[in-house]
Amino acid sequence: MSLVRKRVLVTGGAGFLGSHLCERLLADGHDVLCVDNYFTGRKTNIAHLFSSPYFETLRHDVTFPLYVEVDEIYNLACPASPIHYQFDPVQTTKTSVVGAINMLGLAKRVKARVFQASTSEVYGDPTVHPQTEDYRGNVNPLGPRACYDEGKRAAETLFFDYHRQHRTRIKVVRIFNTYGPRMHPNDGRVVSNFIVQALRGEPITLYGDGSQTRAFCFVTDMVEAFVRMMGTGDEVTGPVNVGNPHEIAVRGLAETIIRLTNSKSTIEYRPLPQDDPTQRCPDISLARALLDWQPTVALEDGLERTISYFAKLLSTEK
Ligand SMILES: NC(=O)c1ccc[n+]([C@@H]2O[C@H](COP(=O)([O-])OP(=O)(O)OC[C@H]3O[C@@H](n4cnc5c(N)ncnc54)[C@H](O)[C@@H]3O)[C@@H](O)[C@H]2O)c1
């Protein structure tokens with residue numbers, strides 16, 4: 001429990017990461033305002049928090065200004081999976097850019113600290129491995145992922161300009177692949193996709209030859225990093241990479257999930273989508289040094305917890 005009850009705004013609070021963050025902030029003794037337009041977020045993600053007198057929700061789109069009195073803002077609102085952010089790319093860019101302007105404007109007005117959920121996608125298809133924060137990336141500004149990648153890059157620019165121009169207290173983290181319960185079952189992200197297909201006994205669709213690697217961080221570890229970052233002194237602005245540096249080939253992940261679910265699913269290979277990075281792995285030296293943080297949940301433990309979430313979810317769909 002925290003000694004001081006803060007009023008904390010979480011945008012995108014009904015989403016995957018946001019709902020876990022709201023849960024953690026309430027457990028720490030804070031007063032939480034969850035703001036979401038429910039584009040990809042769901043009320044069921046936060047329904048268990050409704051009974052708390054310190055939890056409040058507001059249906060609101062961050063592309064419109066918001067006037068509330070808060071001490072801290074976590075800006076997570078933005079669809080995060082390609083299927084969702086490419087559904088309405090203009091709205092995705094608006095959410096990142098106008099949403100950032102609105103949250104920074106609010107932070108400036110009420111003198112709140114403001115946290116930005118940026119992404120490893122700001123590195124695009126990286127030519128440097130693992131990625132350190134000073135790597136400037138390799139993003140295609142015209143491709144189908146640009147609405148998300150460039151939107152998040154522009155949001156970072158705004159955060160640092162507000163900091164330089166208005167001394168706004170900013171905290172920018174670059175999130176690498178995160179997984180866990182409450183991921184959207186149909187978002188096409190590799191972990192949720194594989195688990196749902198394995199549980200249904202359907203073929204596991206693997207894009208490319210499966211040798212491309214990813215590094216996956218369990219959601220509770222990620223939320224711990226967020227809270228630690230918000231708790232740093234004003235001189236710490238980021239950007240700080242947060243994620244799991246332990247790489248695994250996507251084919252290996254599919255095989256592990258088949259084993260953990262006792263599934264009869266086979267692997268079906270498909271062509272790699274445009275601009276899909278072949279390798280993505282964080283260098284988390286800075287997070288280790290500044291936040292004394294590193295992931296603690298082993299992949300198989302996290303996968304088992306995620307699998308039991310999806311098994312329960314799919315059983316209620318029948
Ligand atoms: N999960 C990951 O692996 C990952 C990796 C990198 C970055 N991130 C970032 O973390 C944040 C949360 O991601 P997530 O995985 O929880 O995704 P998510 O889609 O589950 O959550 C995003 C939430 O934002 C809400 N939202 C979208 N547009 C909005 C708008 N205009 N106004 C208000 N609410 C809006 C959605 O309804 C949803 O609840 C995102 O900003 C994402 O870019 C996530």
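Read the numbers this way: they start at 1 and go in the same order the structure lists the ligands and their atoms. Just so you know, these numbers come straight off a predicted model, no measurement behind them.
Between atom 8 (N) of ligand 1 and the options F16, F64, Y179, Y148, the minimum heavy-atom separation is to Y148. Taking each of V191, T178, L76, V122 in turn, the one with a heavy atom nearest to atom 11 (C) of ligand 1 proves to be L76. The closest heavy-atom contact to atom 31 (N) of ligand 1, among the options L17, T11, D61, comes from D61. The residue from D187, D36, T95 that puts a heavy atom closest to atom 28 (N) of ligand 1 is T95. The heavy atom nearest to atom 17 (O) of ligand 1, considering only S118, C34, A80, is found in A80.
With V122 as the fixed residue, the side chain to side chain contact (heavy atoms under 4.5 Å, CB included) test singles out one of K152, E133, E150: K152.
At the top of the distance list for atom 9 (C) of ligand 1, counting protein heavy atoms only, stands I175 CD1, 3.9 Å. Here the heavy atom of the protein found nearest to atom 22 (C) of ligand 1 is C78 O, 3.2 Å. Protein heavy atom in closest approach to atom 38 (C) of ligand 1: T40 OG1, 3.1 Å. The protein heavy-atom contact nearest to atom 32 (N) of ligand 1 is V62 N, 2.9 Å. The nearest heavy-atom contact from the protein to atom 30 (C) of ligand 1 is N37 ND2, 3.3 Å.
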Could you check N75 against T11 for side chain to side chain donor-acceptor pair (under 3.5 Å), going step by step and ending with a plain yes or no? CA-CA 5 Å; N75 186 35; T11 76; 2.7 Å; yes
Going through the distances and angles, do Q197 and T205 end up as a side chain to side chain donor-acceptor pair (under 3.5 Å)? CA-CA 8 Å; Q197 289 170 330; T205 43; 2.8 Å; yes
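Side-chain contact, S118 with E156: a donor N or O sits under 3.5 Å from an acceptor N or O. The closest side-chain donor-acceptor pair between Y123 and R136, if any, does not fall under 3.5 angstrom. Between the side chains of H30 and E72, no donor-acceptor pair is found at a separation under 3.5 Å. Residues S19 and R182 have side chains that bring a donor and an acceptor to within less than 3.5 angstrom of each other.
Looking only at side-chain heavy atoms (C-beta outward), V242 and F176 stay at 4.5 Å or farther from each other.
Remark: ligand 1 atoms within the under-4.0 Å shell around heavy atoms of P79 are 27 (C), 28 (N). Annotation for ligand 1: atoms under 4.0 Å from non-hydrogen atoms of A14 are 39 (O). Of all atoms in ligand 1, numbered sequentially from 1 with element shown, those under 4.0 Å from a heavy atom of Y38 are 37 (O). Using a 4.0 Å cut-off to heavy atoms of G41, the atoms of ligand 1 that qualify are 36 (C), 37 (O), 38 (C), 39 (O). Of all atoms in ligand 1, listed by their number and element, those nearer than 4.0 Å to a heavy atom of Q91 are 31 (N). Counting atoms of ligand 1 from 1 in the listed order, those under 4.0 Å from a heavy atom of A77 are 24 (O), 33 (C), 34 (N), 35 (C). Each of the following atoms of ligand 1 lies closer than 4.0 Å to a heavy atom of F39: 37 (O). Shown in contact with G12 at under 4.0 Å from a heavy atom are these atoms of ligand 1, numbered in order with element: 23 (C), 24 (O), 25 (C), 39 (O).
Between N177 and ligand 1, no pair of N/O atoms sits closer than 3.5 Å. Residue G15 has at least one nitrogen or oxygen atom sitting less than 3.5 Å from a nitrogen or oxygen atom of ligand 1, judged on distance alone.
Distances shorter than 4.0 angstrom occur between a heavy atom of H60 and an atom of ligand 1. The closest approach between a heavy atom of K152 and any atom of ligand 1 is below 4.0 Å.
Using a 4.0 Å cut-off between heavy atoms, E121 makes no contact with ligand 1 at all. Proximity of R189 to ligand 1, defined as any heavy-atom pair under 4.0 Å, is confined to the side chain (atoms from C-beta onward).
Looking at E255, its side chain never comes within 3.5 Å of a backbone N or O of L253 through a donor-acceptor pair.
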What pairs of donor and acceptor atoms, side-chain ones from residues 31-40 against any protein atom, are under 3.5 angstrom apart with sequence neighbours left out?
from: D36; atom 1: OD1; to: Y38; atom 2: N; distance (Å): 2.6
from: D36; atom 1: OD2; to: G13; atom 2: N; distance (Å): 3.4
from: D36; atom 1: OD2; to: A14; atom 2: N; distance (Å): 3.0
from: N37; atom 1: OD1; to: F39; atom 2: N; distance (Å): 3.0

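Salt-bridge formation is detected for the pair D28/R24: a Lys NZ or Arg NE/NH1/NH2 atom is positioned less than 4.0 Å from an Asp or Glu carboxylate oxygen. With salt bridges taken as basic N to acidic carboxylate O contacts below 4.0 Å, none links E235 and R169.
Every ring-ring contact (aromatic ring centres under 6.0 Å, His included) that F218 has, sequence neighbours left out, goes to Y179.
The aromatic rings of F16 and H20 sit perpendicular to each other, their planes meeting at more than 60°, with 30° as the lower class boundary.
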